Amino acid sequence: MAHSANLGFPRFGVNREWKKASERYWSGKLTREEMLATADDLMMRHWMLQKEAGIDIIPVNDFAFYDHVLDTIALLGAVPARYNHPAGSQVDVDTYFAMARGRQDATTDVTAMEMTKWFDTNYHYIVPELSGDMQFQIASERPFEAVEKARSVGVENPRPVLLGPVSFLLLGKTVEDGVELNELLNRLLPVYTEILQRYKDMGIQQVQIDEPTLVLDLNDEAVALFRTAYDHFATRNERPDLLVATYFGTIEHNLELAASLAEGLHIDLVRAPGQLNAVAGVLGESQILSLGVVDGRNVWRTDLERALRMVKEGVEILGSDRIQLAPSCSLLHSPIDLERETKMDPDVLEWLAYGKQKLEEINALTLAANGKQDEVADFFDANAKAVQKRRSSSKVTNPAVQERMAKLNDDMARRYTPFNERIRIQQEKLHLPPYPTTTIGSFPQTKEVRRLRANLKKGEITQQQYDDAIAEVTLDTIRFQEEADLDVLVHGEFERNDMVEYFGEQLDGFVFSQNGWVQSYGSRGVKPPIIFGDINRPGPMTVKWSKFAKDHTDRPMKGMLTGPVTILQWSFVRDDQPRKTTCEQISLAIRDEVVDLEAAGIDVIQIDEPAIREGLPLRRQDWADYLDWAVRCFRISASGVQDQTQIHTHMCYSEFNDMIESIAAMDADVISIEASRSRMELLDSFDSFVYPNDIGPGVWDIHSPRVPSRDEMVELLEAALKHVPKERLWVNPDCGLKTRGWEETRTSVRNMVEAAKALRERA
Ligand code: GLN
Ligand code: ZN
């Protein structure tokens with residue numbers, strides 16, 4: 001018999017209980033016990049939900065308080081020295097959160113660990129810091145307690161999830177020279193062995209060990225690490241079976257390796273359906289294959305007939321006893337329950353499936369694979385009808401958009417004059433001082449601001465009252481920026497709920513969920529819009545507030561837009577045409593907005609592309625094609641303006657060293673880019689490649705509430721000046737300030753302006 005399985009469940013809770021509980025704990029409004037009780041409650045509810053959906057194999061240890069890589073850091077005691085964690089003791093919750101967020105109080109001032117994209121998703125993980133002298137030991141009991149808790153609510157087959165040792169190391173970053181990963185691995189393996197042994201003692205039969213790095217290009221060193229690790233496990237009898245989970249791509253280029261590692265293997269058949277035969281063909285006689293046939297990271301209903309055909313192929317080759325059916329990856333990247341959506345266009349709603357519905361699909365597929373097709377005939381029927389309706393719906397196509405797309409050409413992706421000329425013309429108009437200061441767009445989205453929006457939605461205040469209140473905070477923010485003496489101002493983005501949602505709501509081709517939350521990092525969730533059809537801009541989206549702000553200051557006011565690639569990347573994208581095509585449609589809409597802003601007298605326009613990197617294919621061989629269309633789409637959106645209009649862009653969350661040439665090819669006049677957490681490491685690439693345009697490498701880590709001092713920022717700027725000529729250097733934070741409080745923002749902005757002035761004085 002085939003078994004249904006899940007690889008991981010979203011943590012937030014259907015009412016975002018975990019987000020709220022952890023944030024309230026951080027602000028002192030909840031005790032530790034209350035917070036932990038919320039976690040327990042959510043875990044149990046999620047296990048019950050999975051059980052009720054008919055899932056045989058239910059994951060445990062997938063509920064992270066902040067991030068599962070950070071959980072692994074805690075489990076292995078891999079805590080960097082600056083957190084003063086006593087070796088051999090348990091990592092307590094506060095140390096855990098200090099690693100995630102930094103800590104600044106009367107006695108401590110310690111920075112957070114770096115965070116970066118989890119593969120090509122919009123989830124961010126905490127990057128393990130690997131130093132040569134690192135020692136590991138089990139430093140958290142949570143992974144074991146989770147098993148007991150699951151059993152206490154009747155989960156018979158809890159399957160612990162661990163991040164595998166090799167991926168842990170490969171996803172980490174060495175913080176000094178001479179760190180040998182194989183030495184670290186040798187120190188890690190006894191700890192993993194002990195963990196597995198303890199699971200065995202608890203009666204666990206199978207552990208899911210995530211090694212998603214198997215879908216990447218692996219060098220010889222990485223291959224050797226895999227061999228060492230899994231050879232080591234192979235000789236240990238006192239352990240449960242291992243299911244090595246891969247996802248987000250094919251493993252065909254690492255086929256022999258991946259297939260040789262353990263008793264079971266999970267593959268992503270949504271991203272890479274073509275790998276099924278190859279993988280099934282090389283498995284040994286008793287190995288289990290877990291088929292990821294339901295998309296774990298998009299919201300479309302599975303075409304069950306199609307998925308079942310694939311499942312049957314697997315069963316044919318391996319026999320049903322060796323088959324598990326699962327989502328393509330953890331459901332971490334999927335919202336929880338579609339039943340919560342009561343306001344969506346019912347036609348589109350019918351085309352969707354969230355986490356719970358996906359589990360039901362897996363259950364139905366499993367029953368069908370086990371010869372119980374009759375039991376699920378109605379389920380399959382309804383599915384086939386919905387899939388068919390979506391295919392033929394007139395809501396999906398817009399003839400006007402199609403016509404414009406047909407006329408798209410390369411001239412539309414080019415500014416009139418080269419950068420050197422443009423920047424001179426722009427400076428004549430803007431008169432900026434050396435080291436111009438600016439921010440990335442948003443200022444704190446306080447409770448009050450969010451409450452305004454909630455009240456407007458509920459009809460408790462009128463549109464006029466809302467607009468008046470937004471106007472007031474916007475004006476206050478403009479006054480603050482003038483007092484702080486920033487050079488290029490922003491309006492603060494108070495009218496925006498989210499940088500993608502705000503645009504999607506005003507464009508045709510999108511629908512919005514009420515509850516489609518997915519975790520972005522830590523307690524931060526996003527509710528990605530759903531792109532189901534052709535994209536069209538019925539009218540201006542940002543001109544009103546940008547114009548209002550511009551009219552209330554003499555300083556340059558930057559108009560703020562979200563770029564086409566980021567809108568694409570942070571949406572759930574239709575899967576019935578190439579992503580490139582959808583992106584081009586968005587770039588035309590943004591282009592129209594840029595032109596409208598210019599016509600309204602806005603001289604500086606920022607088109608944010610923080611997500612451009614996360615769209616990079618996981619394998620190098622596919623990069624060029626993606627970068628080509630992504631850069632082109634940005635340029636289409638940015639190139640409708642005159643020379644004197646200064647186009648900014650912004651990027652964050654990642655390292656960009658390896659795509660700096662494409663970033664330059666975007667040809668924005670100015671780019672602000674995250675750099676402070678990695679201490680300007682980004683700029684190392686400038687040794688071999690001269691970035692041609694203006695650049696502001698961030699000097700203030702805005703993902704942490706810590707206030708950076710003036711001198712600390714001066715130091716970062718000095719580091720930047722080693723790579724960037726001073727007439728090209730801007731001074732700005734790493735990202736927008738919407739998640740920060742006003743108090744820390746005020747001090748940090750003032751310190752930042754002081755840092756710029758200190759440099760100006762030296763000149
Ligand atoms: N303009 C946006 C802001 O300041 C950019 C956010 C981002 O890059 N994630 O909030
Ligand atoms: Zn940013």
Side-chain angles (χ1 to χ4, degrees), residues 114-117 121-124 437-446 449-450 473-474 477 481 486 488-504 519-522 524-528 541-542 545-546 549 557-571 590 593-594 597 602 604-615 634 637-638 647-656 663 666 668 670-678 682 695-704 730 732-742 745 748-749 752:
E114 211 178 301
M115 190 160 60
T116 198
K117 301 270 178 202
T121 72
N122 182 31
Y123 175 86
H124 305 77
T437 53
T438 190
T439 60
I440 310 305
S442 59
F443 268 82
Q445 280 263 340
T446 54
V449 173
R450 279 176 286 139
V473 269
T474 305
T477 302
Q481 294 174 86
L486 282 158
V488 176
L489 310 198
V490 296
H491 72 285
E493 301 182 21
F494 298 107
E495 77 287 8
R496 303 189 188 175
N497 38 6
D498 169 89
M499 66 183 289
V500 171
E501 191 169 1
Y502 182 75
F503 291 89
Q519 189 176 4
S520 167
Y521 69 88
R524 188 145 184 87
V526 289
K527 199 150 50 85
M541 304 183 280
T542 64
W545 286 112
S546 284
M557 175 61 63
K558 193 157 61 161
M560 302 300 313
L561 301 173
T562 303
V565 186
T566 298
I567 293 183
L568 181 85
Q569 207 54 43
W570 290 353
S571 298
I590 299 298
E593 185 71 14
V594 171
L597 280 171
I602 311 291
V604 183
I605 300 167
Q606 179 169 310
I607 307 170
D608 291 325
E609 285 291 19
I612 202 157
R613 189 182 205 288
E614 72 180 70
F634 176 85
S637 72
I647 298 288
H648 288 218
T649 189
H650 163 71
M651 289 180 196
C652 55
Y653 298 129
S654 281
E655 285 158 19
F656 294 97
I663 294 176
M666 290 164 71
V670 182
I671 182 172
S672 60
I673 190 160
E674 172 171 331
S676 83
R677 269 200 191 190
S678 61
L682 152 85
I695 183 162
V699 290
W700 156 20
D701 172 15
I702 60 79
H703 296 109
S704 146
W730 284 63
N732 48 256
D734 271 341
C735 190
L737 306 172
K738 62 175 164 249
T739 57
R740 298 275 57 93
W742 261 111
T745 295
S748 304
V749 167
M752 188 182 83

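Whatever order the structure lists them in is the order used to number ligands and atoms, beginning at 1. Throughout, numbering of the chain's residues begins at 1 and tracks the sequence. In this text the structure is predicted, and so the values were computed from the model without any measurement.
- Proximity to Gly441 (heavy-atom distance under 4.0 Å) selects the following atoms of ligand 1: 4 (O).
- Each of the following atoms of ligand 1 lies closer than 4.0 Å to a heavy atom of Asp608: 1 (N), 2 (C), 5 (C).
- Which parts of ligand 1 touch Met560 is read off a 4.0 Å heavy-atom cut-off, strictly below it: atoms 1 (N).
- Comment: Lys738 does not engage Glu493 in a salt bridge, judged by the lack of any side-chain N to carboxylate O separation of less than 4.0 angstrom.
- Between Gln606 and ligand 1, a contact under 3.5 Å exists for no N or O pair.
- Close approach of ligand 1 to Cys735 is summarised as follows: ligand atoms under 4.0 Å from at least one heavy atom of the residue are 6 (C), 7 (C), 8 (O), 9 (N).
- In the vicinity of Ser442, heavy-atom distances shorter than 4.0 Å reach the ligand 1 atoms 3 (C), 4 (O), 10 (O).
- A search for ring-ring contact (aromatic ring centres under 6.0 Å, His included) contacts involving Trp730 returns His648, not counting sequence neighbours.
- Residue Glu493 touches ligand 1 through its side chain alone, judged by heavy-atom distances below 4.0 Å.
- Where the criterion is an N or O separation shorter than 3.5 Å, residue side chain and backbone included, Cys652 fails it with respect to ligand 1.
- Listed by number with element, the atoms of ligand 1 under 4.0 angstrom from any heavy atom of Gly736 are 3 (C), 4 (O), 10 (O).
- When only interatomic distances are considered, the shortest N/O to N/O separation between Trp570 and ligand 1 does not fall below 3.5 Å.
- In the vicinity of Lys738, heavy-atom distances shorter than 4.0 Å reach the ligand 1 atoms 10 (O).
- At least one side-chain heavy atom of Ile673 sits under 4.5 Å from a side-chain heavy atom of Ile695.
- Looking at Glu114 and Arg677, no side-chain N of the basic residue comes within less than 4.0 Å of a carboxylate O on the acidic one, giving no salt bridge.
- In this structure the side chain of Thr542 reaches within 4.5 angstrom of the side chain of Phe503, judged on heavy atoms.
- The CD1 atom of Ile702 sits 6.5 Å away from atom CZ of Arg740, with the distance rounded to the nearest 0.5 Å.
- Taken to the nearest 0.5 Å, the CG atom of Leu486 stands 5.5 Å off from the CD atom of Gln481.
- The structure places CD of Glu609 at 11.0 Å from NE2 of His650, a figure rounded to the nearest 0.5 Å.
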